[in-house]
Amino acid sequence: MWESIRDYPLHPRIVRRLQDTGFYKIIEIGRLQFDWALITTMIERWRPETHTFHLPIGEATITLEDVEVLFRLTVDGLPWLTGFQPAEETLLSGFSRSQLTPVQQHLEARDAEITDDSPPEVIDRYTRLLLLMFGGVLFPNTSENLVSLKFLHHLERLDDLPGYSWGAAVLGYLYKQMCRACMGTQRDIAGFLSLLQMKT
């Protein structure tokens, strides 16, 4: 996603729409270079039974306030729900994930079509696809080319997005991934690691 945004800068109308949805801060921060030694050390200190890091100075954790302050993701509002899956099976891996590469290629092909005169529905379609790509940043898995379709149906009404508690969903997903990694049920760590790294 980050290479695509670098190579195809977003049209100001797309930027405004992303700002309206509350997700533009993610683009402003951009891709972080991860300190894998720090992340591994933090995972080794994670205690799944209490959802805290056990550090020499005491216990610490990542809170909803951290998600809101660091990334401006909404933590109040409607709960994050699931349940939609696209019909195009060629984009799917299994039944709950989509490959990101075809989505990225489609966005790149449509980029030149976005103008000041584009109809609002064209802007909204492009924004929805871009937000689907965000799913690979906020809710990544270890494949690095698949995105969960769990939240896809929420993209239907873009004006509703700021009302959902995306910060809570991102934090909950990160907690789940850290628990899996520290208990040995998955070899690699996934989740919104930018939050983990910026907090430490």
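Fair warning: this is a prediction, and the values are worked out from it, not measured in the lab.
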Side chains of [X] and [Y], heavy atoms from C-beta outward: is any pair under 4.5 Å?
X	Y	answer
Leu196	Gln177	no
Leu174	Met178	yes
Tyr8	Leu107	no
Glu113	Ser118	no

For [X] and [Y], indicate whether the former's side chain and the latter's backbone hold a donor-acceptor pair under 3.5 Å.
X	Y	answer
Asp66	Thr63	yes
Thr115	Asp117	yes
Arg128	Leu155	yes
Gln197	Asp35	yes
Arg45	Phe53	no
Arg180	Ile189	no

Practice problem: Flag yes if more than 12 heavy atoms outside Glu65 fall under 6.0 Å of its CD atom; otherwise flag no. | Solution: no
For residues [X] and [Y], report the shortest heavy-atom separation together with the two atoms involved.
X	Y	value
Ile43	Ala181	CG2-CB, 3.9 Å
Asp116	Arg13	O-NH1, 3.2 Å
Gly136	Val147	N-CG2, 3.3 Å

Give a yes or no on whether [X] and [Y] share a hydrophobic cluster (residues Ile, Leu, Val, Met, Phe, Trp, Tyr; joining criterion: side-chain heavy atoms under 4.5 Å apart).
X	Y	answer
Val69	Leu195	no
Ile14	Trp2	yes
Ile39	Leu55	yes
Leu32	Ile62	yes

Practice problem: Applying salt bridge (Lys or Arg N to Asp or Glu O under 4.0 Å), name anything that partners Asp159, two or more places apart in sequence or on another chain. | Solution: Arg17
Exercise. Please list, chain by chain and in numerical order, all residues satisfying salt bridge (Lys or Arg N to Asp or Glu O under 4.0 Å) with Arg6, sequence neighbours excluded.
Key: none
What I want to check is whether the side chains of [X] and [Y] have a donor and an acceptor closer together than 3.5 Å.
X	Y	value
Tyr175	Thr61	yes
Asp111	His11	no
Asp124	Thr127	no

Quiz item: Are Gln19 and Lys25 close enough, and set up right, to give a side chain to side chain contact (heavy atoms under 4.5 Å, CB included), and what steps lead you there?
Solution: CA-CA 8 Å; Gln19 289 169 333; Lys25 180 67 175 173; over 6 Å; no
Partner residues of [X] under the side chain to side chain contact (heavy atoms under 4.5 Å, CB included) criterion, sequence neighbours left out:
X	value
Cys179	Trp46, Pro48, His51, Met183
Thr21	Leu18, Phe23, Leu131, Leu158, Leu161
Glu49	Arg47

Self-check item: Residues forming a ring pair (Phe, Tyr, Trp, His ring centres under 6.0 Å) with Trp36, sequence neighbours excluded
Solution: Phe34
Could you give the distance from [atom1] ([X]) to [atom2] ([Y]), rounded to the nearest 0.5 Å?
X	Y	atom1	atom2	answer
Thr40	Leu38	OG1	CG	8.5 Å
Trp166	Phe134	CH2	CZ	12.0 Å
Leu64	Ser165	CG	OG	6.5 Å
Asp7	Glu108	CG	CD	7.0 Å

Quiz item: Can the ring centroids of Phe192 and Phe71 be said to lie less than 6.0 angstrom from one another?
Solution: yes
Practice problem: Please step through side chain to side chain contact (heavy atoms under 4.5 Å, CB included) for the pair Ile114 and Tyr126, ending with a clear verdict. | Solution: CA-CA 9 Å; Ile114 304 296; Tyr126 191 96; 4.0 Å; yes
Quiz prompt | Stepwise side chain to side chain contact (heavy atoms under 4.5 Å, CB included) test for Arg110 and Gln105 | solution = CA-CA 9 Å; Arg110 299 294 178 263; Gln105 291 169 343; over 6 Å; no
